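A quick write-up on the structure given underneath.
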Amino acid sequence: KILVTGAGGQLGTVLVKALQKHKGRASVIATDLYVKPEKERVLLSLDATNATAVEKIIEEYSITQIYHLAAILSAKGEEQPLQTWDINLKSLFTIFEAARKYKVNKVFFPSSIAVFGASAPKLNTPQDSCLDPTTVYGISKVAGEQWANYYYTKYGLDVRSLRYPGIIGHQSLPGGGTTDYAVDIYHKAVQREPFECYLKKDTALPMIFMEDAVRATLELMEAPKNQIKTRTSYNLNALSFTPEQVAKSIQKWYPNFKITYKEDYRESIAQSWPSSILDTQAQEDWHWEPHYRLDDISNEMLTELKKKYDLQSQL
Ligand code: VAH
């Protein structure tokens with residue numbers, strides 16, 4: 001069976017559905033710290049920093065794969081630096097140690113473009129750039145990547161990882177990220193409200209549509225072990241765009257959509273990240289290729305969110 005931590009989060013919500021579709025609903029043990037009615041796919045409450053609780057679930061459900069998605073993201077993480085480090089690393093050690101002890105076949109650990117900082121090239125940032133992140137979240141992901149490599153090298157634990165760009169999806173709300181403006185903007189457009197963006201209009205960031213991010217995760221995890229050459233984390237590229245570009249894309253469907261700009265502390269986080277990245281290794285090692293470009297994303301987001309809001313207005 002497959003254990004998912006952080007199953008109620010932005011990615012977790014959709015990844016759980018995809019895993020249930022591929023492997024059967026009963027084979028996915030979806031857990032999150034909070035079990036809430038709106039997080040309908042979350043089965044069990046689990047604090048991923050609690051070793052006893054994690055080991056109990058691994059034993060009880062004969063877990064053979066773990067997707068460890070629970071973490072505090074970049075923007076929220078800056079509000080409480082030491083707690084962010086503690087939660088992100090303590091949960092990582094708990095999962096890796098339990099996976100090692102119980103001989104779990106594969107572990108997925110999400111990293112992020114947040115691992116890059118000023119020393120990496122701003123454009124087409126390569127896989128093996130120098131990593132000097134400026135957020136606690138980024139520091140925790142660099143450390144996590146090194147620990148993933150350590151557990152693979154020392155114990156043979158098959159840990160696999162992707163450096164996700166900002167993920168855009170309509171099925172779930174993001175929580176505490178710097179790239180989350182790219183989700184909120186579509187909600188405002190569909191509700192015919194103006195959008196105030198906390199980034200500058202020309203701040204480009206690497207992004208990926210949820211369906212591409214989930215497919216990349218499953219393709220990485222299904223790839224034969226000998227094809228996985230990177231045991232820290234793979235750069236994952238789909239597209240890059242600025243707030244101005246996504247607003248222009250939206251205006252193809254909502255011509256009267258208005259965007260204004262009022263930058264806050266998240267602009268400096270975004271400035272520390274690459275504007276675009278290279279994922280040559282992911283293409284070579286496990287044949288990654290994205291499908292969704294900006295207008296495809298806008299079309300999907302606006303169509304699906306309009307359905308959601310129309311439904312809500314009828315309730
Ligand atoms: C964040 N969405 O903004 C996450 C991600 C690349 C960004 O790590 O923190």
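All values reported here derive from a predicted model rather than from experimental measurement. Residues: numbered from 1 along the sequence shown. Just so you know, ligand 1 is whichever comes first in the structure, and atom 1 is the first atom listed for that ligand.
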Task: atom 3 (O) of ligand 1 - nearest protein heavy atom and its distance - done: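 Ranking protein heavy atoms by distance from atom 3 (O) of ligand 1, first comes Thr178 N, 2.6 Å.
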TODO: Give the residue, atom name and distance (to 0.1 Å) of the protein heavy atom nearest atom 9 (O) of ligand 1.
DONE: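 Among all protein heavy atoms, the one nearest atom 9 (O) of ligand 1 is Ser74 OG, 2.6 Å.
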- [ ] For Tyr137, take its heavy atoms, then give the atoms of ligand 1 lying under 4.0 Å from any of them.
- [x]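 Counting from 1, the qualifying ligand atoms are 5 (C), 8 (O), 9 (O).
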Would you check the N or O atoms of [X], main chain and side chain alike, for any that come under 3.5 Å of an N or O of ligand 1?
X: Asp180; value: no
X: Trp273; value: no
X: Gln10; value: no
X: Tyr164; value: no

Open item on the list: Taking ring pair (Phe, Tyr, Trp, His ring centres under 6.0 Å) as the criterion, tell me which of Tyr309, Tyr181, Phe257 meets it with His187.
Closed with: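 In the set Tyr309, Tyr181, Phe257, the residue that makes a ring pair (Phe, Tyr, Trp, His ring centres under 6.0 Å) with His187 is Tyr309.
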TODO: Consider only side-chain N and O atoms of Ser161 and Ser233, and report whether a donor and an acceptor are under 3.5 Å apart.
DONE: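 Indeed, the side chains of Ser161 and Ser233 share at least one donor-acceptor pair under 3.5 Å.
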TODO: Please check if any side-chain donor atom of Ser111 sits under 3.5 Å from a side-chain acceptor atom of Tyr234, or the reverse.
DONE: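 Checked: Ser111/Tyr234 side chains show no N/O donor-acceptor pair below 3.5 Å.
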Open item on the list: Ring centroids only, cut at 6.0 angstrom: are Phe93 and Trp147 within range, meaning strictly under it?
Closed with: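 Ring centres of Trp147 and Phe93 closer than 6.0 Å.
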Open item on the list: Please determine whether any non-hydrogen atom of Ile167 lies less than 4.0 Å from an atom of ligand 1.
Closed with: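 No, that is not the case, since the closest heavy atom of the residue is not under 4.0 Å from the ligand.
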Open item on the list: Using a 6.0 Å cut-off, check whether atom NZ of Lys308 has over 12 heavy atoms from anything other than its own residue.
Closed with: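 Yes - once you tally the heavy atoms of other residues, nucleotides and ligands closer than 6.0 Å, there are more than 12.
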Task: Partner of Ile58 under side chain to side chain contact (heavy atoms under 4.5 Å, CB included), chosen from Ile95, Ile29, Ile66 - done: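 Testing each of Ile95, Ile29, Ile66 against Ile58, the sole residue satisfying side chain to side chain contact (heavy atoms under 4.5 Å, CB included) is Ile66.
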- [ ] Have a look at Leu73, Ile113, Thr135, Thr179 and point out the one with the heavy atom closest to atom 2 (N) of ligand 1.
- [x]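 It is Thr179 that holds the nearest heavy atom.
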Open item on the list: I want to check a possible cation-pi pair here: Arg100 against Tyr155, using under 6.0 Å from ring centre and within 45° of the ring axis as the test.
Closed with: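 Here Arg100 passes the 6.0 Å and 45° test against Tyr155.
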